Amino acid sequence: MTSLRELQRDFLRAVLEDPASGAALPVKSDCIAAAQRLQVYARNARGNFSSALESSYPVVRRLVGAAYFEQCARDFQREHPSRSGDLQPAGAPFPAYLHALHRGGEYRYLGDVARFEWLVQEALLAADHAPFDLHKLAAVPPGDYDRIEFHLNPALRLFESRYPCLAIWQANTAAEEPPVIDLDSAPHERIAIIHHGELRFHVLSAGEHAFLAALALRMPFADAVEAATAAAATAATAAGDFDAGAVDFDAGAALRRFVAAAAIVDFH
Amino acid sequence: MPAQVSHQAAGQTANPMPAQVGIGLRAQHHVDVLNGAPRIAWFEAHTENYFADGGAHVRALSAIRERYPLSLHGVGLSLGSTDPIDLAHLKLVRRALERFEPKLVSEHLSWSSVEGRFANDLLPLPYTEEAVRTVSEHVAQAQDFFGRQILIENVSSYLEFSCSRMREWEFLAAVAADSGCGILLDLNNIYVAACNHGFDPLHYLRGIDPKRVKELHLAGHSRVHLGGRELLIDTHGAPVCAAVWDLYRAALGLFGACPTLIEWDTDIPALEVLLTEADKARAIAAQSLTARGNTAQLITGSGGDIAA
């Protein structure tokens, strides 16, 4: 007699790969063949997976159309089956999958748009946090500032791309027909996605992006400023802008901006 | 047989779920529920939908929980799998139980995964001694982990295994006896399985120990034609059909007053539609239980006006 383990292995293969492969399963069949009965489960498994992916990636779906998205979801599920009883995390590898699939093609930006959508979703599902307590900071002696480790909002995500993903996302989450967007309009996009009561997007300079990335690694304030200054200089050089003003990173201004934006919410 | 640890006492709080009619809570209705304060005795939410660390859904459920009794109904533990139970998933369920303090906690008599791959569907089990042991051990493990009793729900099925050695209701009863869990009877699922496999749903109800039944589900289904015959498909996406309402009357006659849920998972309609279905369930319960002589149980619960 087939063990439960063997039965489940064969059943799952039939459901996720090919219902016809379940011919050897001990399934009763009458005028409805076993493969047709297994097909009902296969359809459910595909439908549930596809719906979960759809709710994580509505903009990608709108960009490529429902039929292509459905096919893409099916192929993606075959390569990256769900590994959890909760379907939400199943979409995590989708941006990398799309990126590899469309490398250099018409949809070369799709992987980045998907990554943007995923980060938006992560921000929306992250823990809520109280705003920064300025009184607490006022109690810190100025001499200790360099050693402070600032904490980012758990609902903050940093994003970088060579495509204008924020504009694409905004245009495709609006009800109206999206306008044509020039893919070269944002040669290096850096965004802080923050959910704090509402979803907000902050366009960042190279220095600001490096500063927040350093804080995310819990680097002390002085080290984060150093990393930000270096990134600002590199970006200015790459852009051919050798003006000293462009290279400077204003740490005080960045700190004020990010506390006000609830990007930074605590410190120790 | 798993080690018998009784979670009955831990599962039954001093203020249990009222034996009245609730509805399945879906995110589309959060705002309507919070703004409209509908007259409904309780809500049931899908546990996995509230696994997030924070965000709007978690906040909404916390606010709704302040106003209504809650049940948490899981779909992802894959209790019938021969894989070890997923500890990370168990921990997320336990966090949800601590966070939302539900009066009832339930899962399914099914499996969903093997060798780490998940179908994320409620797959059928063969009704064998080996499967009874597998499910019972996992149910007992989950109950130990949560420190409380859980309810196990029967699922719809579209096939039967020739290696089964007992009927579905005997299988469910054996799991409940071995693990000490309670039973959530989905009457639509019983009806779907009865039509698909040709048994009398009343035999199913009569085969269940009334003391184990802690909750009833009511839902809708659809019909497809395959190979020249009809197969019922559980969609939980349509009104409750007349035959399932009849089964509800029969269940109330056998089990007495019981928390009853109107469940709608696909093509989700306006909240008003669910409330109308709940009204119908209330009217049937009032009628059936009065006839059974259970009027006293009807009016002792808190929450909605069941006798309306």
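Heavy atoms only: backbone and side chains are in, while hydrogens, waters and symmetry mates are out. Being a predicted model, the structure only gives us computed values, none of them experimental.
- Among residues two or more places apart in sequence or in another chain, the salt bridge (Lys or Arg N to Asp or Glu O under 4.0 Å) test is passed with A:Arg200 by A:Glu198.
- Only the side chain of A:Leu7 comes within less than 4.5 Å of a heavy atom in chain B; its backbone stays farther off.
- Across B:Thr128, B:Val224, B:Leu122, B:Val114, the residue that shares the most heavy-atom pairs under 4.5 angstrom with chain A is B:Val114.
- Residues A:Leu4 and B:Pro126 have side chains in contact (heavy-atom distance under 4.5 Å, counting atoms from C-beta outward).
- Among the candidates A:Ser82, A:Ala90, A:Pro81, the residue making the largest number of heavy-atom pairs closer than 4.5 Å to chain B is A:Ser82.
- Among B:His197, B:Glu48, B:Glu115, the residue making the largest number of heavy-atom pairs under 4.5 Å with chain A is B:Glu115.
- Neither the backbone nor the side chain of B:Leu77 comes within contact range of chain A, judged by heavy atoms closer than 4.5 Å.
- Contacts between B:Ser112 and chain A at a heavy-atom distance below 4.5 Å involve the backbone alone (N, CA, C, O).
- More than 12 non-hydrogen atoms from other residues, nucleotides or ligands lie less than 6.0 angstrom from NZ of A:Lys136.
- Chosen from B:Asp53, B:Asp121, B:Asn120, the residue pairing most often with chain A at heavy-atom distances under 4.5 Å is B:Asn120.
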Criterion side chain to side chain contact (heavy atoms under 4.5 Å, CB included) on A:Gln8 and B:Ser81, from CA distance to verdict: CA-CA 8 Å; A:Gln8 292 186 333; B:Ser81 171; 4.1 Å; yes

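- Contact of B:Ser156 with chain A is made through the backbone alone, with heavy-atom distances under 4.5 Å.
- Here the closest non-hydrogen pair linking B:Ala119 and A:Leu12 is CB-CD1, 3.7 Å.
- Remark: the backbone N or O of B:Tyr158 is paired with a side-chain donor or acceptor of A:Arg37 at under 3.5 angstrom.
- Within the 4.5 angstrom heavy-atom criterion, atoms from both the backbone and the side chain of B:Ser157 approach chain A.
- Residue-level contacts of residues 13-33 of chain A with chain B, in order of numbering, are A:Arg13, A:Val15, A:Leu16, A:Glu17, A:Pro26, A:Val27, A:Lys28, A:Asp30, A:Cys31, A:Ile32; threshold 4.5 Å between heavy atoms.
- B:Asp83 touches chain A through backbone and side chain together, each having a heavy atom under 4.5 Å away.
- When each of A:Arg9, A:Arg5, A:Glu6 is paired with B:Thr82, the side-chain hydrogen bond (donor to acceptor under 3.5 Å, both in side chains) condition holds for A:Arg5 and for no other.
- In this structure, chain A has a heavy atom under 4.5 Å from the side chain of B:Ile233, while its backbone stays farther away.
- Across every non-hydrogen atom of B:His89 and A:Ser84, the tightest pair is ND1-OG, 4.3 Å.
- To the nearest 0.5 Å, the span separating CG on A:Asp86 from OH on B:Tyr50 amounts to 13.0 Å.
- Taking non-hydrogen atoms and a 4.5 Å limit, the residue list of residues 149-157 of chain A in contact with chain B is empty.
- Aromatic ring orientation, A:Phe11 versus B:Trp111: perpendicular (interplanar angle above 60°, classes split at 30° and 60°).
- How far CG of A:Leu87 is from CZ of B:Phe118: 10.0 Å, rounded to the nearest 0.5 Å.
- Proximity to chain B at a heavy-atom threshold of 4.5 Å picks out A:Asn44, A:Ala45, A:Asn48 from residues 42-67 of chain A, in numerical order.
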